[in-house]
Amino acid sequence: MVPSSAPKAWSQRFESALHPAIAVFNASIGFDIALVEYDLTGSVAHARMLAKTGILTPEEGEILVQGLEKIRAEYRQGQFTPDIEDEDVHFAVEHRLVELVGDVGKKLHTARSRNDQVGTDIRLYLRDQIDQIRIALRQFQSALITQAEQHVETLIPGYTHLQRAQPVSLAHHLLAYFEMTQRDWDRLGDVAKRVNISPLGCGALAGTTFPIDRAYAAELLGFGDLYRNSLDGVSDRDFAIEFTCAASLILVHLSRLSEEIILWASEEFGFISLTDSCATGSSIMPQKKNPDVPELVRGKTGRVFGHLQGLLVMMKGLPLAYNKDLQEDKEPLFDTVATVKACLEAMTILVAEGITFRPQRLAAAVASDFSNATDVADYLAAKGVPFREAYGLVGQVVRTSLAAGKLLKDLSLTEWQALHPAFEADIYAAIAPQQVVAARNSFGGTGFDQVRAAIAIAHATLSPP
Ligand code: ARG
């Protein structure tokens, strides 16, 4: 909408109104309205602090609080709809407050600046969002555990360099993502400590002449600490960058799993089929079933990385203290939050009900390659043959078997013994896929006992005693 030349809160310093296009350019109300409830909560705490310290009377404090809560009710009913003339959410709230409670409303901004105010709002917002994202991470982990429990003894080729390496328990593979997202959950908890520090009372940049009680306001808002330097308090956005970095890592993990699911769903791999609830069709090729969900997650990852880069670049040249550049922190944060939540939700559904593993294809895959070659070398090494020598012998037998179109399990005992006299009839059991996996029972390995223990630990992590 085209702004009128209605006076601004700061207008008496100015002789004429902002150019309409500049008013639009300058305004953040189009997006920072998302902070309105946090702005109200922060203002309520500020008003209570002003009353407690005697800067305002108790009656004035109460009128402000009631007015602010009235705005909250209006907002929730869709009746608080500020426009561009209000510039930003802070002015919008103050403007409406004065409309509602009269001149007392003009006292709310005593001993405060929009600079410490917006810093407070953003922190309250992120604190909430971090809680929600951590819950979403837990739901994703829970879906992983449920799948893992069904597939402890299902084998899947394990790869390095995307070349078949050694078979692993499918549960072990899925639980690798549990571990990654557990780090994500921990990391967000750590970031939350630095989000949860109050800048309120830092004023515009230098503190205030009023006898405020910062600790009291911070306590009302549930902050764990106070910024100790007002210049830092109003201009620090490290916490926003840390959050976006933590969010980027969550998406790295979701994107890696997405990539695997896309590969597994291909005819070439054929390890999973996509259920109808999470796959889409083609507009022209009737046979297609496309993995749009993991593709979108993989694709959306890029924009969150972009937000991280954007915030870093936004900050790097800023002199102390507040600069309007900081208004540009909001859209990247909001989009990061929305993207991470949407991707976690979609991936949770995908893991829980969007994919079905194909046991026969998986069993055929692990039985039809040379991924038990290490086990032949280990077999000899366990019988005293130096590992490097055993490795050389097995390389030789892989080469001749490939040429003969055979697998290791197809070699006769005579052929094995021609290679080395230490081979006995138990070589066949030692190289069977189930045994190959079961035998890797070192801590953190894919052996079934290890995997069962890991599932128990994962459960305990989600529901601590
Ligand atoms: N809308 C502004 C922002 O998001 C609020 C702070 C404005 N402060 C100022 N000194 N102009 O950063």
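Both counts, for ligands and for their atoms, begin at 1 and track the order of listing. It should be emphasised that the depicted structure is a prediction, and the values quoted were computed from it without experimental measurement.
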Neighbour count above 12 (heavy atom, 6.0 Å) for Arg256 CZ
no

Using side chain to side chain donor-acceptor pair (under 3.5 Å) as the criterion, point out the one residue from Asp32, Thr120, Asp128, Asp121 that pairs with Tyr38.
Asp128

Tabulate distances under 3.5 Å between N/O atoms of ligand 1 and N/O atoms of the protein, writing both atom names on each line.
residue, atom, partner, partner atom, Å
ligand 1, 1 (N), Ser28, OG, 3.2
ligand 1, 1 (N), Asp88, OD2, 3.1
ligand 1, 1 (N), Gln327, OE1, 2.8
ligand 1, 4 (O), Lys330, NZ, 2.6
ligand 1, 8 (N), Asn115, OD1, 2.8
ligand 1, 10 (N), Asn115, OD1, 3.0
ligand 1, 11 (N), Arg114, NH2, 3.2
ligand 1, 12 (O), Tyr322, OH, 2.4

What side-chain hydrogen bond (donor to acceptor under 3.5 Å, both in side chains) pairs are there with at least one residue in residues 259-274, not counting sequence neighbours?
His173-Glu260, Tyr177-Glu260, Glu259-Arg298

Run the salt bridge (charged side-chain N to carboxylate O under 4.0 Å, His left out) test against Arg76 and tell me which residues pass, sequence neighbours left out.
Glu37

Six-ring centre of Phe31, Lys330 cation under 6.0 angstrom, axis tolerance 45°
no

Output side-chain donor-acceptor pairs under 3.5 Å for residues 455-465, partner residues at least two apart or in another chain, one line each.
residue, atom, partner, partner atom, Å
His459, NE2, Glu149, OE2, 2.6
Thr461, OG1, Ile457, O, 2.7

